[in-house]
Amino acid sequence: MTGNGRGGAARFIAALLLVILLPLCAACRGERTDPPITVNGAAVDAGVFRYYYDRAAADPANADRSRRIEAATAGCVEYVTVNSAFAERSLRLTGAERAAVSEAVNALWQIFGSHYEKVGVTKAALYKLKTAEAMREELRSALFGKGGEAEVPEETLREWFSSRYLVLKWLRVPLTAADVYGNRRALTDEEREALLKTLSDAAVRVNAGAGPELVFASLAAAGEAPEQQLSAEPVQIGDPAYPAALYAAVEKIEPGRAAVCLLPDDAWLVIRSDPLSDPVWFSDCRAACLKAVSEPALSAEISAESALLKVVRSRAAAERIAEEIDRARSARE
């Protein structure tokens, strides 16, 4: 066979192999890109499924893979439902809301980007997810906010705020002192009694009308106030910013009064205010109150709308993604 003949035969064989292998490669590609979830016939971004699966895998309650896949599926269905409900009501995110989404995504990517990449969550998928979260809040407002379809009465929000928030000014003193070497030691009984008397006397002065700032300042000048919060601020009961025991103690204080709260490790001089005595406090917390009050109803509405959707899950695709993410998380751990 001549050189040209051999070359022509080689080209023919190469062309024939290409014709045979292209369908096979396409089939392989189709299997690899088969969407894990379709809702009403539309494929859900695999990155969205990956995100929810990864989040489920971080929850110790989801011990087995099937439970994690179910949780990821539920997340995808809610994601689609929120997007659909948002569009059906012709809602729009403001420029400020979209900017906030971008800022949140950039911050998350900067901190957790390497993890997201390992589990196959792209930044574009993360943007979709955070946008859906913003849409969910806008949907909440449309349903339960002012002028909404089922507006939550303002009085309900105010009552919720009043019963679940505390407004405090405080001074905290640890029940320890420095020894001659600078190490912390427990107060002696005499030192402890003297400290509590000093704080109790300060509470009496405040309750008699003395300005709390002046009282706190005098205690600080005497070295009795290593920590203090002079501006009253609302805090939701249970917020981990404060010890749980402090909330129980403060709830026994009458609003508008000062008292000493003794905890195992420190003593607090606390001035409690009525949360509704300053409208700014309620205004600052109103959105959080609406979210807490309306969440059960919003979740029920989303669940009801989700039940109307036709959801199909590719078992093979879901299992493949689950295996990849489990392997990536195991390697990291």
Side-chain angles (χ1 to χ4, degrees), residues 29 32-39 42-63 65 67-87 91-142 236 239-241 284 287-288 290-292 295 298-299 302 306 311 313-314 317-333:
R29 240 186 352 260
R32 297 289 294 174
T33 59
D34 187 24
I37 304 290
T38 60
V39 179
V44 177
D45 185 339
V48 172
F49 181 84
R50 286 176 176 274
Y51 173 87
Y52 284 119
Y53 184 90
D54 179 59
R55 192 169 74 173
D59 186 347
N62 298 319
R65 180 176 294 176
R67 183 172 294 182
R68 296 193 289 272
I69 289 176
E70 288 298 330
T73 302
C76 289
V77 173
E78 177 167 330
Y79 166 82
V80 172
T81 302
V82 168
N83 276 268
S84 299
F86 187 85
L91 300 176
R92 295 288 184 273
L93 293 181
T94 65
E97 288 169 331
R98 291 194 174 277
V101 168
S102 294
E103 185 177 345
V105 169
N106 288 335
L108 284 171
W109 198 260
Q110 185 175 4
I111 300 171
F112 304 111
S114 61
H115 171 75
Y116 288 135
E117 287 178 336
K118 287 177 183 176
V119 298
V121 177
T122 64
K123 192 173 184 180
L126 188 60
Y127 184 84
K128 290 180 181 179
L129 286 154
K130 294 303 171 183
T131 299
E133 289 180 9
M135 289 178 175
R136 194 179 193 277
E137 291 310 304
E138 195 64 28
L139 185 61
R140 183 193 310 280
S141 181
Q236 187 171 348
D239 188 316
D284 289 345
L290 176 61
K291 184 172 183 177
E295 184 56 34
L298 178 61
S299 294
I302 291 173
S306 295
V311 181
R313 183 171 67 213
S314 167
E319 287 285 348
R320 174 179 57 78
I321 289 174
E323 183 178 356
E324 290 176 1
I325 294 177
D326 287 345
R327 190 185 311 120
R329 291 181 62 88
S330 296
R332 185 198 64 184
E333 296 167 359

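Hydrogens, waters and symmetry mates are skipped; everything else that's a heavy atom, side chains included, is used. The first residue in the sequence is number 1, and the count goes up from there.
When all heavy atoms are compared, the tightest approach of Gly47 to Val121 is O-CG2, 3.9 Å. The minimum heavy-atom distance between Ala43 and Thr38, with the atom names listed, is CA-CG2, 3.9 Å. Contact record, Asn62 with Ala56: ND2-O, 2.9 Å, taken as the closest heavy-atom pair.
Between the side chain of Arg55 and the backbone N or O of Ala71 there is no donor-acceptor pair closer than 3.5 Å. A donor-acceptor contact shorter than 3.5 Å links the side chain of Asn106 to the backbone of Ser102.
To the nearest 0.5 Å, atom OH of residue Tyr52 and atom CG of residue Leu129 are 5.0 Å apart. Atom CD1 of Ile37 and atom CD1 of Ile69 lie 9.0 Å apart (nearest 0.5 Å). Of the inter-residue distances, the one linking Arg67 atom CZ with Asp59 atom CG reads 9.5 Å to the nearest 0.5 angstrom. Glu138 CD to Thr94 OG1: the interatomic distance, rounded to the nearest 0.5 Å, is 7.0 Å.
Here salt bridge (Lys or Arg N to Asp or Glu O under 4.0 Å) pairs that include residues 78-87, with residues two or more places apart or in two chains, are Glu78-Arg136.
Using a 4.5 Å cut-off on side-chain heavy atoms (C-beta onward), Arg313 and Glu70 make contact. Using a 4.5 Å heavy-atom cutoff, the side chains of His115 and Arg329 are in contact. Between Leu139 and Met135 the shortest side-chain heavy-atom distance does not fall below 4.5 Å. In this structure the side chain of Phe49 reaches within 4.5 angstrom of the side chain of Thr73, judged on heavy atoms. With contacts defined as side-chain heavy-atom distances shorter than 4.5 Å, the pair Ile325/Arg68 does not qualify. Counting heavy atoms from C-beta on, the side chains of Arg50 and Asp45 never come closer than 4.5 Å. Counting heavy atoms from C-beta on, the side chains of Glu324 and Val119 never come closer than 4.5 Å.
Classification of the Trp109-Tyr116 ring pair by plane angle, with boundaries at 30° and 60°, yields parallel.
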Salt bridge (Lys or Arg N to Asp or Glu O under 4.0 Å) between Glu137 and Arg140, worked out: CA-CA 5 Å; Glu137 291 310 304; Arg140 183 193 310 280; 2.9 Å; yes
Candidate pair Arg92 and Glu97, rule salt bridge (Lys or Arg N to Asp or Glu O under 4.0 Å), full reasoning: CA-CA 10 Å; Arg92 295 288 184 273; Glu97 288 169 331; over 6 Å; no
Intermediate values then yes/no, side-chain hydrogen bond (donor to acceptor under 3.5 Å, both in side chains), Glu295 and Ser299: CA-CA 6 Å; Glu295 184 56 34; Ser299 294; 2.8 Å; yes
Intermediate values then yes/no, side chain to side chain contact (heavy atoms under 4.5 Å, CB included), Leu126 and Leu108: CA-CA 9 Å; Leu126 188 60; Leu108 284 171; 4.1 Å; yes
Check against side chain to side chain contact (heavy atoms under 4.5 Å, CB included), Val39 and Tyr79: CA-CA 10 Å; Val39 179; Tyr79 166 82; over 6 Å; no
